[in-house]
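The first residue of the sequence shown is numbered 1, and numbering continues consecutively from there. Counting convention: from 1, in listed order, for ligands and their atoms alike. Every heavy atom of this structure was used, including side-chain atoms; hydrogens, water molecules and symmetry mates were not.
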Amino acid sequence: MHVPLLDLKAQYQAIKDEIHAALDKLLESQQFILGPNVEELEAKIAAYSGCRFGVGVSSGTDALLISLMALDIGPGDQVVTTPYSFFATAGAIARLGATPVFVDIDPVTYNIDPEKLAQVLAHLRRQGDWRVKAILPVHLFGQCADMQPIMTLAQDYGLKVIEDAAQAIGAEYPWRQSDGSIIVKRAGSMGDTGCFSFFPSKNLGGLGDGGMVVTNDPELYEKLKILRVHGSQPKYYHKIIGGNFRLDAIQAAALLVKLTYLNGWTAGRQANARRYNELLSEPGIGTPKAVYPHGDDPIPHYHIYNQYVIRVERRDEIRAGLTEAGIGTEIYYPVPLHRQECFAYLGDQDKDFPEADRAAATTLALPIYPELPAEALEYVAQAVIEAVTER
Ligand SMILES: *Cc1c(COP(=O)(O)O)cnc(C)c1O
């Protein structure tokens with residue numbers, strides 16, 4: 001049996017007519033730059049993530065970049081983030097001349113560890129020459145980082161927070177209010193800005209590149225919109241330097257169709273995760289944990305499973321076995337950010353980020369896409385068990 005890691009053709013077949021109709025309409029209008037489709041998507045994604053405002057941008061990477069620019073982060077500044085993420089997280093910081101400061105991850109969620117974050121901030125403060133401006137947590141694989149302690153630290157130290165929610169649209173976090181009651185907050189709504197990616201392999205994927213910044217801050221919202229068009233306000237007058245960070249109207253038109261299916265797709269991913277968890281509860285296989293409890297639901301809906309990532313020893317061997325069995329897998333990510341060649345100048349190579357290193361050596365993503373047939377999922381689970389038990 002052949003089981004790809006992701007099958008976008010299956011999704012497309014199901015919604016093809018609607019996509020075509022939306023694109024036809026856009027083509028007839030010949031309005032390709034910003035306009036009503038982008039504005040409608042901005043309003044809908046903002047509402048979907050529990051925010052007041054959305055700004056459609058050219059990619060998830062640019063959502064991070066423009067957020068940092070809007071918060072005036074630049075040369076000499078430090079931004080604290082995770083060493084275990086897609087490159088763009090740290091790349092955006094470094095491109096502005098700021099310095100990424102890495103803090104190791106929690107081994108269960110793979111997200112930045114708030115206790116280690118507290119230690120690093122306290123250490124940097126004690127050293128003097130305080131240059132930290134912001135924290136950039138990532139909601140990796142579709143589960144929120146532990147945002148409450150992160151936001152408390154941000155408040156204590158006067159830091160901005162940019163959420164990298166590229167993999168986490170619709171993921172939720174149980175936020176404890178001062179009276180002890182819990183409210184649910186969505187990824188992207190807790191920091192100063194939240195950054196989404198519409199890269200085709202994300203849960204809400206476009207027909208190419210795209211992204212969005214969400215925020216609750218009206219001033220940031222205005223600044224983001226100006227930065228998106230070269231800092232122009234009014235047209236051809238520039239008080240600040242921005243770039244061309246616009247989301248294409250053609251992407252917005254397609255994404256508006258796809259957004260109506262997102263909840264169903266997420267539910268499909270969660271159902272697949274539930275089934276995998278049952279089938280893979282074997283010694284030697286670490287299944288992903290949804291850590292935020294939600295009533296009696298054994299798989300809380302807080303995790304949106306952009307990736308279903310297991311942890312195994314002999315990972316590369318097991319992956320080879322699965323490849324041989326026709327199963328698509330991926331390693332997210334084989335080289336942690338502190339070990340990337342381009343960041344050698346940071347001098348972090350020899351620093352200790354044991355959990356990021358261990359994750360890079362032992363994690364493996366399995367097919368989890370919503371259209372994955374039940375037989376294919378069972379085939380994958382069986383193949384994983386065989387590969388893990390056979391020596
Ligand atoms: C995909 C992704 C990005 C970048 O998004 P693009 O749209 O590909 O630029 C940033 N951070 C994380 C964690 C991602 O997964």
Report task. Look only at the side chain of Arg246 and the backbone of Leu34, and say whether a donor-acceptor pair between them is shorter than 3.5 Å. Result ->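 Flag not set: sc Arg246 to bb Leu34 has no pair under 3.5 Å.
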Report task. Examine distances only and state if a side-chain atom of Asp352 and a backbone atom of Pro354 form a donor-acceptor pair shorter than 3.5 Å. Result -> no
Report summary line: The single option from Leu5, Leu6, Asn272 that satisfies side-chain contact (heavy atoms from CB on, under 4.5 Å) with Leu372 is Asn272
Query raised in the report: Do Ile73 and Val79 touch side chain to side chain, with heavy atoms closer than 4.5 Å?
Result: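 Counting from C-beta outward, Ile73 and Val79 do come under 4.5 Å.
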Query raised in the report: Can you pull the residues with any heavy atom under 4.0 Å from ligand 1?
Result: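 Within 4.0 Å of ligand 1, the protein residues are Ser59, Gly60, Thr61, Ser85, Phe86, Ala88, Thr89, Val138, Asp164, Ala166, Gln167, Ser197, Phe199, Lys202, Gly210.
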Query raised in the report: Given the rule in the ring-ring contact (aromatic ring centres under 6.0 Å, His included) test, do Tyr110 and Tyr333 qualify, once you have shown the distances and angles that lead to the verdict?
Result: CA-CA 11 Å; Tyr110 305 106; Tyr333 297 90; over 10 Å; no
Query raised in the report: Hey, what's the ring geometry for Tyr157 with Trp130, parallel, tilted or perpendicular (30° and 60° as the breaks)?
Result: parallel
